[in-house]
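Remember, predicted model here, so these are calculated numbers, not experimental data. These values consider heavy atoms only, across backbone and side chains, with no hydrogens, waters or symmetry-generated copies. First the proteins, then the strands, lettered A, B, ... as listed; each starts at 1.
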Protein chains: 2
Amino acid sequence: MERLPKRQRHQQLSKLLEENPFLTDRELTRLLKVSIQTIRLDRLELAIPELRERLKLMAERSYDSVRSLPLHEVIGDILDLQLDKSGISLFEISEEHVFSRSGIARGHHVFAQANSLAVAVINDEIALTASADIRFIRPARLGEKCIAKAFVRSSGGQKGKAKVEVFTYVGDEMVFQGNFIIYRSAGE
Amino acid sequence: MERLPKRQRHQQLSKLLEENPFLTDRELTRLLKVSIQTIRLDRLELAIPELRERLKLMAERSYDSVRSLPLHEVIGDILDLQLDKSGISLFEISEEHVFSRSGIARGHHVFAQANSLAVAVINDEIALTASADIRFIRPARLGEKCIAKAFVRSSGGQKGKAKVEVFTYVGDEMVFQGNFIIYRSAGE
DNA sequence: CTCGTATTGGCACCAGGTATTAGAATGAGA
DNA sequence: TCTCATTCTAATACCTGGTGCCAATACGAG
């Protein structure tokens with residue numbers, strides 16, 4: 001008995017739907033040259049939900065991630081914040097942050113965490129980075145959890161500039177250090 | 001004639017669906033206390049597509065954005081690259097890069113472009129940012145196209161460190177300037 | 001030839017709609 | 001008061017993309 005065709009078809013079907021989850025069963029019949037019932041039995045065996053469920057799942061995922069993705073807003077999760085004094089944030093290095101061959105985080109992600117925190121700790125909503133002097137002390141690697149600690153050194157509420165020092169650690173090793181000068185809307 | 005209820009309902013309906021696009025017409029009848037036909041007429045007037053279309057649109061959006069987001073690899077498009085000499089990249093400031101209320105780009109995005117370019121121009125694959133001294137000269141705004149130009153000042157092929165200077169312009173105005181020290185795998 | 005698996009077909013049913021036509025409620029103006 | 005327009009509700013037919021179930025067929029192995 002030629003068992004292969006079925007398994008091959010299952011593989012093909014999985015692959016097709018992975019590439020294009022928008023395919024209906026009817027379209028799949030054309031691509032796999034079997035009846036629509038066969039497609040449905042196959043989906044059943046492979047536990048692949050129907051088109052509408054697939055779309056719903058994707059929509060839910062994107063909806064959730066839009067909500068949890070002010071990734072662009074603040075890089076890292078703020079753990080503690082004392083305005084005009086100090087702040088702590090956590091940022092975990094994942095696949096998309098590293099050079100694929102070395103597993104070392106690209107510098108700008110580590111910088112982004114520190115910069116976000118430096119701006120957040122001032123929290124004047126019109127706080128902008130004016131300049132920074134930074135040092136990458138040792139590379140941060142895939143999977144490592146970076147804890148950034150920011151300290152406002154000279155708030156200079158009137159002067160329109162604040163100096164913020166940020167230290168980033170993995171465990172008790174320092175990986176990054178930076179001095180930021182932040183412009184702020186005077187007052188506050 | 002009490003015209004308000006209708007417009008109010010339209011507003012409410014828009015708002016409800018904005019908050020939760022997963023609502024069916026039937027669920028909306030419960031929330032708005034009108035018949036399902038009214039809901040459908042309302043959607044028609046407001047040009048709001050049916051549930052399935054909404055889910056499909058969301059799924060498509062998320063599907064596309066996953067595809068077009070190696071944003072994390074190199075920030076900005078490389079326009080020109082002369083290894084160990086110079087490089088140019090283009091980065092357009094869009095919604096997700098700016099503070100929503102001021103339309104000013106967050107510093108780390110501008111930094112990321114410069115940092116990516118500084119590393120790319122060395123292109124030793126084991127090139128890492130060691131330190132940087134940076135200045136944000138004027139804010140970059142939504143829609144602006146940032147052109148970053150990098151110059152390798154001291155390649156020091158043997159020393160394991162290279163100095164790279166980056167200038168970022170919008171038109172002929174400089175918005176950012178940075179001096180990067182890049183570690184490189186000795187030799188080349 | 002018979003058994004078992006794989007495949008196909010047909011039918012009823014469902015959710016969540018569209019499209020259309022008809023009727024009821026309401027109020028405003030002549 | 002009658003009439004008319006707007007708004008709302010109701011009813012029906014139809015569509016897509018399925019599920020669930022049962023029966024019929026194909027086909028190869030023992």
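One atom, NZ of B:Lys56, and another, C1' of D:dT16, lie 11 Å apart when rounded to the nearest Å. Atoms CG (B:Leu55) and P (D:dG17) sit 14 Å apart, rounded to a whole Å. Distance B:Arg26 CZ to D:dA10 P: 13 Å, rounded to the nearest Å. Taking atom CD of residue A:Glu50 and atom C1' of nucleotide C:dA15, one finds them 9 Å apart after rounding to whole Å. As rounded to whole Å, 16 Å separates atom C1' of D:dC8 from atom CD of B:Gln8. Atom CD of B:Glu45 is separated from atom C1' of C:dT18 by 16 Å (rounded to the nearest Å). Taking atom NE2 of B:His10 as the reference point, atom C1' of D:dC8 lies 11 Å away to the nearest angstrom. One atom, CG of B:Asp42, and another, P of C:dG17, lie 14 Å apart when rounded to the nearest Å.
Residue B:Glu27 qualifies as enclosed at atom CD: its count of foreign heavy atoms under 6.0 Å is above 12.
Closest to the side chain of A:Arg9, out of D:dT9, C:dT7, D:dG18, is C:dT7. You'll find that the side chain of B:Leu44 is closest to C:dA19, out of C:dA19, C:dG17, D:dT19. The listed nucleotides are D:dT19, C:dG16, C:dT7; the one nearest the side chain of A:Thr38 is C:dT7.
Between the side chain of B:Arg52 and the base of C:dG17, no donor-acceptor pair under 3.5 Å is found. Side-chain atoms of A:Gln37 and base atoms of C:dG9 include a donor and an acceptor less than 3.5 Å apart.
In this structure, B:Arg43 reaches the sugar-phosphate backbone alone: every heavy-atom distance under 4.0 Å involves primed, P, OP1 or OP2 atoms, never a base.
Between B:Leu41 and B:Leu51, it is B:Leu51 whose nearest contact on DNA chain C lies nearer the 5' terminus.
Geometrically, A:Lys56 does not engage B:Phe22 in a cation-pi contact defined by less than 6.0 Å to the ring centre and at most 45° from the axis.
The hydrophobic cluster containing B:Phe176 also contains B:Phe99, counting ILVMFWY residues as joined when their side-chain heavy atoms lie under 4.5 angstrom apart, directly or transitively.
Just one of B:Arg9, B:Gln12, B:Gln37 meets the side chain to side chain donor-acceptor pair (under 3.5 Å) condition when paired with B:Asp42; it is B:Arg9.
Taking 4.0 angstrom as the limit, A:Arg40 places none of its side-chain polar atoms (N or O) nearer than this to OP1 or OP2 of C:dT8.
No side-chain heavy atom of B:Ile122 sits under 4.5 Å from any side-chain heavy atom of B:Phe180.
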